Amino acid sequence: MKENTKHEVTHESASAEGLVKERYDVEGMTCAACENAVTRAVAKLDGVEEVRVSLMTNAMDVAYDRQKMSARQIEKAVQDAGYDAHLKPKKSARTAGKPSAQPEQSPFAKQAEDMRQRLRISVPFLLALLYVAMGPMIALPLPKALTGMEGSASFALLQFLLVLPIAFANRIYFIHGFRSLWKRQPNMDSLIAVGAAAGLIYGVFALFQISYGMGFGDAKRVMQYRHDLYFEGAGTILTLITLGKYWEVKSKLKTTGSLRALMDLQPKTARVVHNGVETIVGIEEVEKGDILSVRPGERIALDGVVVEGRSSVDESAITGESIPVEKGVGDKVTGATMNKVGAFRFRATAVGEETTLAKIIELVEEAQATKAPMQALADKIAGIFVPVVIGISILTLAVWLLVGQPFTFALRLAICVLVISCPCALGLATPVVVMVATGKAAENGLLIKSAEALEILHETKILALDKTGTITEGHPHVTDILVAEDWDTETILQLAGSLEKDSEQPLAEAIVQSAKQKDIPLLAVEDFEAVPGRGVKGKVTKEEKTYALAVGNRRFMNEEGIAIDALQNEAESLAEQGKTPIYFAADGVVIAILAAADVIKNTSRKALHALQERGITPVMLTGDNEKTARAIANDLGIDRYVAGILPQDKERYVREWQEDGKVKVGMVGDGINDAPALVRANVGIAIGAGTDVAVDSADMVLVRSDLQDVVSAVDLSAKTKKKIQENLFWAFFYNVICIPLAAGVFYPAFGITLNPMIAAAAMSLSSVFVMTNALTLRRFRVIHEEKYTAAEKNPERIAIRSLPAMIGYNNIETKLGDAFKGHSAGQHVEEMHNEKESEESMKKVLHIEGMSCVHCQKHVSDALNALDGVQATVDLENAKADVEITGSVSDDTLKKAVTDAGYTVTSIEV
């Protein structure tokens, strides 16, 4: 089980605890050694609870006790370590939206521009330097003043003058590198600075030797040192390293492209409506409750609810869904999405940092600052990497001198060791992949909150899924309509919807929504009466004809004296499928049965099958009884489910699976009542969060209500892990091979050595390779085999068929048979009602073993009351259930219901 590291210290929650969490921009970091140095410098401060430094984002998050520590002290600690830190300004509630509308320039863009300027100076001078130093080797002509012994001093001096602008333009390496050495925290800049400085110093030494030789007539000394100048090596090292860093920063810009694109989505202005007049104002001036107007082709400024008009909205920027979504009065709209054809007005419900876009950006930034578990080894090595390399370089110099090689040979190899070593590749191997993956995920509505979750999701073996709202739609829909002869579906929905429109029951809402979906007008109702737990009745007039209507369950029909015995087979068949049968009667005769259920999303079956193909076992968690849960599981094609479960029980099951199987367990839920299980799971996923993207208990938030996104997240996790492994392998392999090569290990056997210029190029290409490999993740595409369509937008979901063996309303007398010939329908209903009144109900007492808490009591109560004709009251203290039975329900049926719920009936008293 993972440690609970999800708690973030927010400004609000931290206030009471005396803690505050702040973000700092850090300048001067170039490798993992820098990252470790900054972390150590701040972590040792008294009062600092947590520090997290990111080389990829050049940012630092610090949680500290403000009574013991101040921001200035933290900045000074970073400065003392050889770097610069600046507290990022907090955004106020009024101006929080402003940065999104007018985003600050990326720090990587600033770095890229700085390096571009340095290259503009370095490259021309380097080309001239290489021409002078190496031109004669390939027969390029030089002025006579630079040739021969007579021109040697001018030859050396010109190279020195050409390398000076290069060294000055790239002085940052010497400043940072030697400062880090002085602080005894060497980093990559230290390696470059020492290597380049060694070449420059030796070149100046050679220049003096040439001058001495010419002054004292020592021609041998002059010609020896004429060929031992290292100015071109130092200039090449500095220029190639800068070129490599420039490519690296350009790659970083690409990795943050997804996040920057999100930040640029929010409009700078909004059209606010005051007293019917539209006024264009800055986005930061909009307040909650303001009415905003949106015209065709405009981007929606903020989150809100439509109050007037209709349109279709392209929400791909937030959800990744390319097909526009229809919006009408009462529908939610999200800031940064694009309005298409219609015009509408909406009331702003969120501004500034409260908007969906702002929360998404915050989540992505947080994720990009986290570290994957595989980075731990790389960090440990990077922490000691630079000192070890410096030691190897000194050892290389000493060994070759001891074996009798010339000083220039030994110095060249020592410089090669310094220059070819690449702590950058180690430091960037994981975070660059995480940054690309989280940015790409955000583009597709997959919000990943931690690198750990991203790395291990595909390793989960069991994935627990809450049923309601995750696998299913989360609320009931009409699934079947069985219509009596001489009636049509539209009339059934119109009459039933009219009667149910004033009811607050979920099943009633399902019927009303079905009528509205077909644009069926609803009628006025008279004498409306609702009977809790039973149904509703009232009178509706259609085409000058008044109908006495009743909609409800079996018990309600019996109480109203309406015959339903002939329909029990149909009702029981629907119940076995996990559906709730609803009887609909007109003037005392059933004219339809409507079935309602929390329907399975149209993409859930494919998604669960895809998870099984990836070696993950899905387990459905539901509060439904065993019978309903089994029917749904069979429909989904999954083998494992847990029925009759309460929200607090889900965490227990997740924990037991983790402990028993020693496997990683994921949990998919809605992030609210599933919070304990989401926290307990190795990876918690909140699905269908909509605008509530900041679900604290989840590691991942999937914006769409589509389980196919879980499959996409698993695939992205697998690809991310693979890229991290590839990068770490390359970083280790490169250094393990190249450092011995640069030190001359292969020289005695094969005569192979390296030139510092080649070493510098190899070092730069190493970092570029790691960045480029990570960028291939940008090609990741979320592909759904089937488009998710909400049930209410799919009229074909309703199965319509004839109601067998039933009495049609318009030919009652011919259907009643000889026994009732000569009686009117009203008389028949009255006789049945009298019959029912005279029919005595039976009461029984069930003695039950195994109940130990109120949850047990609820399980037994639900199981018994789910039986038609049974009304039960469960007494936990006396371990019994008082049951009132109307109709024919056998003792075996009662016992089976209790047994299926997990308890035992010891005896039954009549």
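If you're wondering where the values come from, they're calculated on a predicted model, not measured in any experiment. Values below: all heavy atoms of this structure, side chains included; hydrogens, waters and symmetry mates excluded.
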Got a sec, which residues hit side chain to side chain contact (heavy atoms under 4.5 Å, CB included) with Leu401, two or more places apart in sequence or on another chain? Leu397, Phe407, Ala410
Not counting sequence neighbours, which residues clear side chain to side chain contact (heavy atoms under 4.5 Å, CB included) with Asp84? List them please. Glu27, Gln79, His86
Kindly say whether [Y] contributes a backbone atom to a donor-acceptor pair with the side chain of [X] at under 3.5 angstrom?
X      : Y      : value
Ser393 : Val389 : no
Ser190 : Gly177 : yes
Lys449 : Ala698 : yes
Asp65  : Gln67  : yes
Ser766 : Ala762 : no
Arg412 : Leu754 : yes

Salt bridge [X]-[Y], side-chain N to carboxylate O under 4.0 Å:
X      : Y      : result
Asp61  : Arg23  : yes
Lys440 : Glu443 : yes
Asp114 : Lys110 : no

Just verifying a value: how many Å separate [X] [atom1] and [Y] [atom2], rounded to the nearest 0.5 Å?
X      : Y      : atom1 : atom2 : result
Leu19  : Arg66  : CG    : CZ    : 8.5 Å
Asp699 : Ile448 : CG    : CD1   : 10.5 Å
Leu87  : Ile74  : CG    : CD1   : 8.5 Å
Glu455 : Thr720 : CD    : OG1   : 9.0 Å
Thr356 : Leu447 : OG1   : CG    : 10.0 Å
Cys738 : Ile420 : SG    : CD1   : 4.0 Å

Minimum side-chain heavy-atom gap [X]-[Y] below 4.5 Å:
X      : Y      : value
Met435 : Val433 : no
Phe385 : Asn735 : yes
Ile415 : Ile237 : yes
Val204 : Phe231 : yes
Val78  : Met60  : yes
Lys268 : Ile283 : no
Leu126 : Thr236 : yes
Glu232 : Val132 : no

Between Trp730 and Tyr734, how do the two ring planes meet: parallel, tilted or perpendicular, split at 30° and 60°? tilted
Which class fits the ring pair Phe178 and Phe174: parallel under 30°, tilted 30 to 60°, perpendicular over 60°? parallel
For residues 157-165, tabulate all N or O donor-acceptor pairs below 3.5 Å that involve a side-chain atom, not counting sequence neighbours.
none

For Val38 and Met29, what are the C-alpha separation, side-chain angles and deciding distance, and is it a side-chain contact (heavy atoms from CB on, under 4.5 Å)? CA-CA 9 Å; Val38 174; Met29 293 193 302; 4.0 Å; yes
For Phe168, give me all partners under ring pair (Phe, Tyr, Trp, His ring centres under 6.0 Å), at least two apart in sequence or on another chain. none
Under a plain distance cut-off of 3.5 Å, with no hydrogens placed, do [Y] and [X] share a side-chain donor-acceptor pair?
X      : Y      : result
Gln111 : Tyr246 : no
Asn170 : Ser122 : yes
Tyr173 : Thr242 : yes

For Lys76, all residues meeting salt bridge (charged side-chain N to carboxylate O under 4.0 Å, His left out), sequence neighbours excluded: Asp80
Taking salt bridge (charged side-chain N to carboxylate O under 4.0 Å, His left out) as the test, write out the residues that go with Arg779, two or more places apart. none
side-chain contact (heavy atoms from CB on, under 4.5 Å) between Leu181 and Ile390, worked out: CA-CA 11 Å; Leu181 277 176; Ile390 292 175; 4.0 Å; yes
Contact summary for [X] and [Y], nearest pair of heavy atoms:
X      : Y      : answer
Leu129 : Gly235 : CD2-CA, 4.5 Å
Ala167 : Leu200 : CB-CD1, 4.3 Å
Ala169 : Ile121 : CB-CG2, 4.0 Å
Val417 : Ile392 : CG1-CG2, 3.9 Å
Leu45  : Gln73  : CD1-O, 4.2 Å
Leu418 : Gly195 : CD1-N, 3.7 Å

Could you give me the CA-CA distance, side-chain angles and deciding distance for Tyr202 and Thr408, then say whether side-chain contact (heavy atoms from CB on, under 4.5 Å) is met? CA-CA 9 Å; Tyr202 185 80; Thr408 54; 2.5 Å; yes
As a quick check of understanding, evaluate side-chain contact (heavy atoms from CB on, under 4.5 Å) for Thr239 and Val123, giving each step before the final call. CA-CA 7 Å; Thr239 304; Val123 171; 4.2 Å; yes
With side-chain hydrogen bond (donor to acceptor under 3.5 Å, both in side chains) as the test, would you mind laying out the steps for Glu22 and Tyr64 before giving the verdict? CA-CA 9 Å; Glu22 294 175 328; Tyr64 65 94; 2.6 Å; yes
